[in-house]
Each structure stands twice: as structure tokens, then as C-alpha cells.
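Comments concern the structure below.
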Amino acid sequence: MATWGGNVNPTLDLVTVGEAMALLIAQETGALSRVTDFSRATAGAELNVAVGIKRLGLSVGYISKVGADSFGEHLLAFLDQQGIDRKHVQIDPDHSTGFMLKSREVDGRDPTIEYFRRNSAASYLCLIDNPVDYCLASRHLHLTGISPALSTRLRELVFEMSRLARAQGRTISFDPNLRPRLWPSQAAMVECINRLAACSDLVMPGLAEGQLLTGQSTAEGIANFYLEKGVSQVVVKLGSQGAFVASKEGFATISGFEVETVVDTVGAGDGFAVGVISALLEGMSLSEAARRGNAIGARVVQFPGDCDGLPNRIELDEYVRRGSLSSGVVFV
């Protein structure tokens with residue numbers, strides 16, 4: 001497997017590919033069918049990671065397609081505002097930008113999500129949309145299990161990007177981000193996700209995801225499953241309990257950050273990925289990376305939008321400092 005940061009004179013620190021969506025957040029509680037007031041934001045697992053990595057001062061390229069519509073225009077403006085390189089975000093005149101609705105909860109429960117993404121512009125990404133030189137000029141490729149679920153053609157693109165990155169010695173991170181409703185069957189999902197995971201240097205499943213994907217009941221069992229497939233580093237997300245990290249150097253459990261009030265759980269896993277990936281790109285250890293992941297994930301759940309809680313460097317340092325002084329937090 002590749003060494004983190006091994007690319008000499010990179011143009012970008014990270015490239016990712018996925019579907020950027022418009023996000024309509026309910027401004028009142030209750031069933032989505034009865035809500036009349038929504039605010040607009042952005043969504044998409046890979047987009048969230050791109051935003052988070054950029055806010056920490058690293059350079060990011062994003063590959064996608066949006067429709068020639070107001071949602072697409074809003075997303076392009078958002079990418080520009082965040083300073084993310086979007087030269088390979090295409091405008092598709094024939095297909096619409098995907099969007100989603102999210103309910104507002106007041107007790108920390110997971111919100112209700114409704115997706116409107118079938119035949120979206122991003123689902124029409126395919127092999128001819130692969131900017132090979134652009135991707136290979138990046139130190140790192142980040143992928144999730146959502147993109148290969150959107151269409152066969154996009155799945156082919158993701159696997160080809162993974163193959164080329166690995167052949168050229170680039171590091172690859174993979175977040176399963178399971179979306180069972182997008183797959184024809186659970187068996188098809190498990191087979192594809194594990195095949196893509198095996199091509200990666202870092203795999204970051206949640207505990208429940210890992211149990212479904214591997215048939216193992218414990219974080220250690222899940223980690224061993226992927227280590228035996230050749231993955232160099234595994235981080236199993238344990239929610240409020242923190243994270244379990246594993247590599248050939250050994251295992252460790254990294255405690256989480258105490259959160260008094262959970263506003264919105266969506267995006268916490270993407271925030272965690274931001275912390276882990278950015279730290280590894282900066283030469284930190286896997287345990288240190290998981291601590292940062294725990295910190296950003298905890299911060300994200302205290303904000304209503306998927307990207308709202310992603311910190312800049314100053315905000316991250318302050319949050320970690322305050323968290324390390326909290327009586328309910330123990331680091332190991």
C-alpha cells in the first residue's frame with residue numbers, strides 16, 4: 001500500500017468524486033408532509049468531506065455533475081465560496097441536480113431524510129469523465145460507498161479511479177456510507193463495498209455498517225476482516241463511544257468527546273472522516289487522527305446543516321482544547 005503524503009510536488013492534497021445535492025432543512029418540527037418552511041443548504045458525503053478538508057487549509061478538487069438549474073447554480077456558487085477546485089464539475093443540460101429533504105428534531109434523534117436523486121446529473125458520471133492527470137496530481141483520493149450505488153456507469157468510474165490511484169502510489173480512503181435503498185440487494189451492496197474497501201489504504205466503517213459488511217460482531221473483528229484483505233489502516237466509528245483503530249502496529253480505542261446537546265446527527269461521519277484524513281495527510285499517527293475525527297464529528301452534531309459544524313483550523317484547535325478539559329472526556 002501507499003505511504004501517506006508520498007506524492008512529490010502535488011497540485012492538490014485531496015480529490016474526491018460524488019453527488020452534490022441541494023438540502024432543504026425543515027424549520028419546524030413534525031412530519032415532512034406537513035412542514036411548510038424550509039431553509040436551503042448543501043449535502044453529499046463527498047462534498048462534506050471536501051468542505052471540511054478545505055476549511056482546515058488543505059487543497060481540494062471535486063469531481064461531479066450538476067443540472068442546469070437553480071440547485072446546480074447554488075452548488076457551484078457554494079463550491080466557489082468554499083475555495084474548492086471545481087474545474088471538473090460539469091453542468092448537465094439534460095438531467096436535474098439531486099436534492100433531499102431533512103426533518104427537524106428536538107431530542108437528538110436521527111432526522112427523517114427523503115432523497116430525490118434518481119437519474120440525477122451526477123448519476124450520469126462515467127469513465128469518460130475521469131480526469132486522470134488531475135487525479136494523479138493529488139496526494140490522496142477519497143471515496144465513499146454512495147457513488148458506486150448511484151449507477152453502474154458511476155460505479156465503473158469509481159473503481160477505475162481507485163485502480164489508477166493505487167497503481168500510481170497514491171493513498172486512498174474509503175467510507176462505506178451504506179445506502180441499502182440504492183442497491184438492488186444487500187448481497188450486491190456487500191460484495192461491491194468490500195471489493196472497493198480492499199483497494200483502499202484506510203477504511204472507516206461505522207460499527208453497525210461493519211457488522212453487516214463483515215459478519216463480525218466486534219470492532220476488533222471488523223478491523224481484522226479488512227486488515228486480512230490488505231487494508232493498511234481501519235477505523236471503526238463507535239458513535240459517542242469514540243473510535244477503534246487498527247493497523248499492523250496494533251489496536252487502540254480512542255474515547256469520544258462529550259456533547260451536551262445533539263442538534264442534528266447527519267454529517268457526523270463525514271466530519272469524522274475529515275478529521276482522520278486531514279491528520280494522516282499531516283503526518284499524524286492513526287490514534288491522533290482518530291482523536292481529531294472524534295472532535296470534528298462531535299462538533300458537527302451540534303449544528304443543523306451538514307457542513308455548518310465543520311471547523312477551520314482555529315475553531316478546531318479551540319474545540320479540542322476545551323474538550324480535553326471536560327470532565328466527561330478521557331483520551332487513551
For the side chain of D85 and the backbone of K87, is there at least one donor-acceptor N/O pair under 3.5 Å apart? yes

Side-chain touch V51/L79, heavy atoms, less than 4.5 angstrom: no

When rounded to the nearest 0.5 angstrom, what distance separates CZ in F38 from CG in L23? 10.0 Å

For the ring pair Y134 and H88, is the centre-to-centre distance below 6.0 Å? yes

Going only through I, L, V, M, F, W and Y residues with side-chain contacts under 4.5 Å, is there a path from F225 to L207? yes

If you draw the axis of the six-membered ring of F78, does the NZ or CZ of R86 fall within 45° of it and under 6.0 Å from the ring centre? no

Does any N or O in the side chain of S103 come within less than 3.5 Å of the main-chain N or O of T112, such that one atom is a donor and the other an acceptor? yes

Between the side chain of E315 and the main-chain N/O of N312, is any donor-acceptor distance below 3.5 Å? yes

D94 atom CG, neighbour heavy-atom count above 12 within 6.0 Å: yes

Pairwise side-chain contact, R292 with E282, heavy-atom cut-off 4.5 Å (strictly under): yes

I'd like to know if the side chain of D129 and the backbone of C126 have a donor-acceptor N/O pair within less than 3.5 Å. yes

Please step through side chain to side chain donor-acceptor pair (under 3.5 Å) for the pair E288 and S285, ending with a clear verdict. CA-CA 5 Å; E288 291 170 328; S285 71; 3.2 Å; yes

Checking side chain to side chain donor-acceptor pair (under 3.5 Å) for the pair Y124/Q90: CA distance, chi angles, key distance, verdict? CA-CA 11 Å; Y124 281 84; Q90 304 172 51; over 6 Å; no

Is T218 reaching over with its side chain to a backbone N or O of G221, donor-acceptor style, under 3.5 angstrom? yes

Exercise: identify the closest heavy-atom pair between L141 and A165: CD2-CB, 3.9 Å

Output the distance between atom CD1 (I84) and atom OH (Y62), rounded to the nearest 0.5 Å. 8.5 Å

Just checking, any donor-acceptor pair under 3.5 angstrom between side chains of T265 and D110? yes

hydrophobic_cluster_shared for F116 and V35, side chain cutoff 4.5 Å: yes

Do E19 and S120 meet the criterion of a side-chain donor-acceptor pair at a distance under 3.5 Å? yes

Exam field: side chain E209 to backbone L178, donor-acceptor pair closer than 3.5 Å: yes

Taken to the nearest 0.5 Å, the spacing of F174 CZ from I172 CD1 works out to 11.0 Å

If you count every heavy atom of other residues, nucleotides or ligands that lies below 6.0 Å from Q27 atom CD, does the total exceed 12? yes

dist N177:CG -> T144:OG1 (nearest 0.5 Å) comes out at 5.0 Å

May I ask you to test the M284-L280 pair for a side-chain heavy-atom distance under 4.5 Å? no

Within-4.5 Å side-chain heavy-atom neighbours: K237 and N294: no

Would you call P148 and L154 a side-chain contact if the rule is heavy atoms closer than 4.5 Å? no

So that I know where these two stand, are Y115 and F99 an aromatic pair - ring centroids less than 6.0 Å apart? no

Taking L136's backbone N and O only, do any of them form a donor-acceptor pair with R170's side chain (distance below 3.5 Å, no angle check)? yes

Evaluate the side-chain proximity of L24 to M100: yes if any heavy-atom separation is below 4.5 Å, no if none is. no

Under a 4.5 Å side-chain heavy-atom rule over Ile, Leu, Val, Met, Phe, Trp and Tyr, are L196 and L227 clustered together? yes

If we only count heavy atoms from C-beta on, is the L75 to L47 side-chain gap below 4.5 Å? yes

What I want to check is whether the side chains of S173 and H140 have a donor and an acceptor closer together than 3.5 Å. yes

Inspect the surroundings of CZ in R118 and state if more than 12 heavy atoms from other residues, nucleotides or ligands are less than 6.0 Å away. no

Taking it one step at a time, do S123 and R117 satisfy side chain to side chain donor-acceptor pair (under 3.5 Å)? CA-CA 8 Å; S123 72; R117 67 197 316 177; over 6 Å; no

Say whether L316 and I277 are linked into one hydrophobic cluster, either directly or through other cluster members, by side-chain heavy-atom distances under 4.5 angstrom. yes

Test your reading of the model: is there a side-chain donor-acceptor pair from K102 to the backbone of P304, 3.5 Å cut-off? yes

Supply the atom-to-atom distance S278 OG to D13 CG, rounded to the nearest 0.5 angstrom. 10.5 Å

If you measure from CD on Q241 to OG1 on T253, what distance do you get to the nearest 0.5 Å? 10.0 Å

Please give me the minimum heavy-atom distance between V259 and V301, naming the atom from each residue. CG1-CG2, 4.0 Å

For the pair S147 (side chain) and V17 (backbone), establish whether a donor and an acceptor sit closer than 3.5 Å, ignoring hydrogens and angles. yes

At their closest point, which heavy atom of A198 faces which heavy atom of R166, and how far apart are they? O-NH1, 3.7 Å

Any idea which heavy atoms bring S162 and L143 closest together, and the distance? CB-CD1, 4.0 Å

Flag yes if V158 and L182 sit in one hydrophobic cluster, no otherwise; membership is Ile, Leu, Val, Met, Phe, Trp, Tyr, and two members link when side-chain heavy atoms are under 4.5 Å apart. yes

Could you report the tightest heavy-atom contact between T97 and A20, atom names first, then the distance? CG2-O, 4.0 Å

Please determine whether side chain to side chain donor-acceptor pair (under 3.5 Å) holds for the pair S247 and E249, giving the CA-CA distance in whole Å, both sets of side-chain angles, and the decisive distance to 0.1 Å. CA-CA 5 Å; S247 69; E249 282 74 37; 2.9 Å; yes

Can you give me the closest heavy-atom contact between M204 and A273, atom names plus distance? CE-CB, 3.8 Å

Mind checking whether L202 and V276 have side chains closer than 4.5 Å, heavy atoms only? yes

Other residues, nucleotides, ligands: >12 heavy atoms within 6.0 Å of Q186 CD: no

Taking R179 for the side chain and I146 for the main chain, is one N or O donor matched with an acceptor at less than 3.5 Å? no

